Each structure stands twice: as C-alpha cells, then as structure tokens.
Amino acid sequence: MTFTEALNLLVNGATPSEAALVALLGCNDVEAAELYRAADKLRAAMVGDGIHLRALLEFSNICSKDCAYCGLRRSNRQATRYRLTPDDIVGIACEAKDLGFPSIVMQAAEDGWFTGQRVAEVVREIKEKTSLAVTLSVGERSESDYRLWREAGADRYLLRIETTHPDLFRALHPDGNLENRMECLRVLKRLGYQLGSGVMVGLPGQTLELLARDVLWLYELGTEMVGIGPFIPHPETPLATADGGTFNEGLRLVAVLRLVFPHAHIPATTAMASLDPMGRERALQAGANVLMPAVTPTERRPQYALYPGKICLDDNARRYRGSLEARIRSIGRYIASGRGDVYRVEHDEEVSAGDIGEDV
Ligand code: SAH
Ligand code: SF4
C-alpha cells in the first residue's frame with residue numbers, strides 16, 4: 001500500500017490495517033510533513049486546541065523488577081534510591097491543586113512498600129482534600145489492588161504494554177509475563193478506569209511490522225490515552241550499547257496514533273522532549289494534546305532516571321507554568337480548563353467521575 005492510500009484510508013476513518021500502519025510509519029520526510037499536518041488537523045477537529053495539563057509525581061524509584069531497558073531496574077546498583085512518604089505525596093498533590101493542575105499522575109517503580117492499602121489510603125486522602133482527578137501508574141498489580149484503588153477514588157491508570165511481541169517482551173522483561181501485563185490492562189478497563197497504555201519505539205529488534213501490530217493491539221484493547229516515547233539506552237543496563245529510538249520515529253508514531261485514536265488523549269512525553277529541545281511543541285503539532293510537567297521534588301528528579309538525558313524541568317512550578325503557558329500560546333494553543341477526562345465515543349460525551357463510578 002502506498003503512503004497516500006494509507007493516509008486517505010485512516011483520515012476517512014477506515015479500520016486500521018497492518019499494511020496501512022506500516023506504510024505510514026515507514027514514510028519518508030516529505031510524506032512525514034503531510035502526515036503531521038493531517039494528524040494536527042484531525043486533533044483540532046476531534047479534541048480541539050486546548051492542552052490538558054497533568055502534574056506528574058514520581059514518588060518512588062525503588063524497583064523489584066529488572067526490565068532490560070530501564071535505569072531503575074533492581075540490578076542497577078549505581079542508582080540512588082528514594083521513596084516519598086504518603087504525607088509527602090498528599091502534600092505535593094495539594095500543592096499541585098493550588099498551582100491550578102486539574103489532575104495528578106502518581107507514578108512509581110514497582111515498589112512493594114506501597115501495598116494496596118497504603119496506595120488506597122493516599123488516593124482516598126487526595127480525593128478528600130482536593131478535586132484532582134487521580135491517575136495511578138504503578139505497574140502490574142493484583143485485581144484486588146486495582147479494585148481497592150478504584151474504590152478509593154482513582155480515576156485513571158497508565159500501564160504501557162511496551163511491546164506485544166512475545167519474544168521481544170520476554171527478552172526485555174526477565175521477570176515479566178506478556179499475558180499477565182495484557183490481563184492487567186483488561187482488568188483495569190473492566191474496573192472502569194480511564195485507561196492509558198502505549199509502547200516504546202526503537203526497541204532493539206522492533207520492526208515497523210511489530211510496531212504496527214502493537215498499535216492494532218492497543219486499538220482492540222480500546223485504550224483512551226496513548227503515551228509513547230523513543231527507547232533511550234541507559235548506560236547501567238544490558239542495553240547500554242543498543243541503538244535507541246529516534247525523535248522522528250516517535251513523532252511519526254504520535255501522528256499515526258492520532259489517526260487511529262481520533263479522540264484519545266495523547267501526551268507530548270518527556271522522552272520526546274528529552275531528544276529535541278522543541279520536542280514538546282513538535283509533538284503537540286503532530287497530534288498530541290496533553291502535557292505532563294513533573295511536580296516531583298527537585299532533588300529527586302535526577303534520581304528518577306529511567307533513561308539518560310531525561311529533562312529535569314524548572315523546580316518552581318508556578319514560574320514554570322508561566323513559561324509553559326507562553327510556549328503553548330506560541331503555537332496557537334491554550335491550556336484547557338477542566339479535568340480532561342477521556343472522551344468516550346459511544347456515549348458521545350466526556351466521561352465524568354460519576355458516570356464511571358456507576359460502571360464499577
Ligand atoms: N514501573 C512502572 C512505571 C514507571 S516506568 C512501569 O514499568 O509500568 C514508566 C515508563 O518509562 C515505562 O512504561 C517505559 O515505557 C518508560 N521507560 C523505561 N525505560 C525507558 C528508556 N530507557 N527509554 C525510554 N523510556 C523508558
Ligand atoms: Fe521498574 Fe518500571 Fe523500570 Fe521496569 S520499567 S524496571 S517496572 S520502573
């Protein structure tokens with residue numbers, strides 16, 4: 001299939017096929033400019049010009065897992081480890097609220113100290129003290145933990161599938177299980193979470209065909225938020241000398257995702273911003289509509305080193321918000337008001353917290 005045929009199909013709402021996705025993901029630079037324009041236009045028509053801000057709090061980097069790509073893997077003895085206390089987390093959530101963030105993303109490595117109960121208590125306290133939408137991103141857990149957190153008031157969950165190819169998944173996750181990760185995503189969806197997933201692009205051994213199949217799997221799953229980023233090799237991992245993914249590969253994938261998921265929330269991720277000083281703006285102009293500025297305590301930011309060169313933004317979130325707003329305005333966009341809940345096409349409306357609660 002040619003690039004033009006593939007673009008026409010997806011812009012007109014055809015169900016994506018592997019052949020069409022490969023034609024788009026493998027496009028040349030001239031075609032890419034056309035792809036970005038089409039994705040930007042569709043983004044404007046489907047989710048508008050507002051950019052949703054999510055405050056990202058990275059609350060523990062202590063990990064029981066050993067993912068081959070990640071600087072936080074338990075075998076990395078060079079990493080300086082930290083864990084925020086539940087009180088710290090609640091305090092930072094309240095600050096985020098005061099700074100005008102409508103939602104907080106609580107992300108961490110797989111840290112067993114944060115039992116189901118402990119996380120549930122933190123979520124409950126944040127929901128009692130603030131009106132923030134709460135997103136969790138703490139990896140693979142039991143169905144009972146996921147249920148407990150949902151009942152405590154968690155609204156959303158982010159869990160990237162990373163890759164859907166069994167051999168590649170196994171090679172990257174010595175202590176992981178693809179079927180379990182897939183099942184976690186299905187359980188989260190059943191529990192009524194607004195669901196985010198995604199992949200890394202440029203993983204060793206990943207081909208355009210495999211990436212296309214990942215996108216098709218996410219499509220079948222019905223993910224409502226899609227976060228992707230280039231794989232960036234970390235020196236203290238087994239993949240230290242592997243080739244990483246490129247910014248351009250990431251940007252093509254962002255644009256393709258907008259075509260496949262017209263209503264999704266798609267962030268301009270930190271990995272994209274880390275590879276290009278204008279990475280955020282460029283992703284926002286190629287299909288993305290979400291930014292996730294870190295509210296992690298300044299001294300902890302360099303320690304949440306999933307990959308090298310991860311940008312550690314201005315520690316003064318108030319000042320930062322001003323510069324962020326200026327950058328957003330510079331590309332003709334604005335900061336969206338409201339929580340930025342997912343848009344569920346079948347209901348033709350934004351989902352409110354109450355609507356979701358009824359499904360649980
Ligand atoms: N522990 C949780 C969340 C923290 S990791 C989990 O694993 O789901 C968050 C994301 O960082 C991962 O999903 C992965 O996609 C990304 N990541 C990890 N190492 C990376 C690297 N070297 N380059 C780019 N992204 C990476
Ligand atoms: Fe731990 Fe997540 Fe990094 Fe894997 S990707 S080592 S689970 S923090």
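In this text the structure is predicted, and so the values were computed from the model without any measurement. Atoms within each ligand, like the ligands themselves, are counted from 1 in listed order.
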Review point. Hey, is Lys310 close enough to Glu58 for a salt bridge, meaning N to O under 4.0 Å?
Key: yes
Check your understanding: What are the atoms of ligand 1, with element, lying closer than 4.0 Å to any heavy atom of Cys70?
Key -> 19 (N)
Study note, to complete from the structure: If we number the atoms of ligand 2 from 1 as shown, the ones under 4.0 Å from a heavy atom of Tyr69 are 5 (S)
Review point. Ser137 to ligand 1: N or O pair under 3.5 Å?
Key: no
Exercise for review: Treat each ILVMFWY residue as a node, draw an edge where side-chain heavy atoms are under 4.5 Å apart, and state whether Leu210 and Val215 are in one component.
Suggested key: no
Review point. Atom 11 (O) of ligand 1: which protein heavy atom is closest, and how many Å away?
Key: Leu306 CD1, 3.6 Å
Review point. Can you check whether His52 and Phe101 have ring centres sitting under 6.0 Å from each other?
Key: no
**Study point:** Under-4.0 Å heavy-atom contact between protein and atom 7 (S) of ligand 2
**Key:** yes
Review point. Does the ring centre of Phe59 sit less than 6.0 Å away from the ring centre of Tyr82?
Key: no
**Study point:** cation_pi(Arg141, Tyr146) dist<6.0 Å, angle<=45
**Key:** no
Review point. Which atoms of ligand 1 sit under 4.0 Å from any heavy atom of Met200?
Key: 14 (C), 15 (O), 17 (N), 20 (C), 24 (C), 25 (N), 26 (C)
Review point. For Tyr304 and ligand 1, does the shortest N/O to N/O distance drop below 3.5 Å?
Key: no
Check your understanding: Hey, are the side chains of Pro230 and Leu275 touching, using non-hydrogen atoms and a 4.5 Å cut-off?
Key -> yes
Point to revise | Selected option - heavy-atom contact closest to atom 6 (C) of ligand 1, from Arg181, Glu140, Arg160 | key: Arg181
Check your understanding: If hydrogens are left out, which of Ser60, Gly139, Ala108 has an atom nearest to atom 1 (N) of ligand 1, that is, the closest non-hydrogen atom?
Key -> Ala108
**Study point:** Neighbouring protein N, O or S atoms of atom 1 (Fe) of ligand 2, below 2.8 Å
**Key:** 1
Review point. Heavy atoms, side chains only, cut-off 4.5 Å: are His234 and Leu306 in contact?
Key: no
Check your understanding: Does any N or O in the side chain of Asp175 come within less than 3.5 Å of the main-chain N or O of Asp66, such that one atom is a donor and the other an acceptor?
Key -> yes
Revision key, fill the gap. Any heavy atom of Cys67 under 4.0 Å from ligand 1? The part involved is neither
Exercise for review: Identify which one of Val226, Thr163, Ile161 satisfies the side-chain contact (heavy atoms from CB on, under 4.5 Å) criterion when paired with Val199.
Suggested key: Ile161
Check your understanding: Just one of Asp214, Leu188, Leu159, Thr223 clears the side-chain contact (heavy atoms from CB on, under 4.5 Å) bar with Ser197, so which one?
Key -> Thr223
Check your understanding: Are Arg186 and Glu183 close enough for a salt bridge, meaning some N to O gap below 4.0 Å?
Key -> yes
Check your understanding: Do the charged groups of Asp29 and Arg252 touch, with an N to O distance under 4.0 Å?
Key -> yes
Review point. Any idea which part of Pro230 is under 4.0 Å from ligand 1, heavy-atom wise: side chain, backbone, both or neither?
Key: backbone
Check your understanding: Is the shortest distance from a heavy atom of Gly229 to ligand 1 less than 4.0 Å?
Key -> no
Exercise for review: Ignoring hydrogens, just give me the one of Glu162, His173, His234 whose non-hydrogen atom is nearest atom 15 (O) of ligand 1.
Suggested key: Glu162
Exercise for review: Determine whether the side chain, the backbone, both or neither of Ala271 has a heavy atom under 4.0 Å from any heavy atom of ligand 1.
Suggested key: neither
**Study point:** ligand 1 N/O within reach of Ile232 N/O, cut-off under 3.5 Å
**Key:** yes
Point to revise | Carboxylate-amine/guanidinium proximity below 4.0 Å for Glu162 and Arg181 | key: yes
Exercise for review: Check the surroundings of atom CG in Asp243: do more than 12 heavy atoms from other residues, nucleotides or ligands lie under 6.0 Å from it?
Suggested key: no
Exercise for review: Among all protein heavy atoms, pick out the one at the shortest distance from atom 19 (N) of ligand 1; state its residue, atom name and that distance to 0.1 Å.
Suggested key: Tyr69 CD1, 3.4 Å
Review point. Can an N or O of Gly71 be found at a distance shorter than 3.5 Å from an N or O of ligand 1?
Key: no
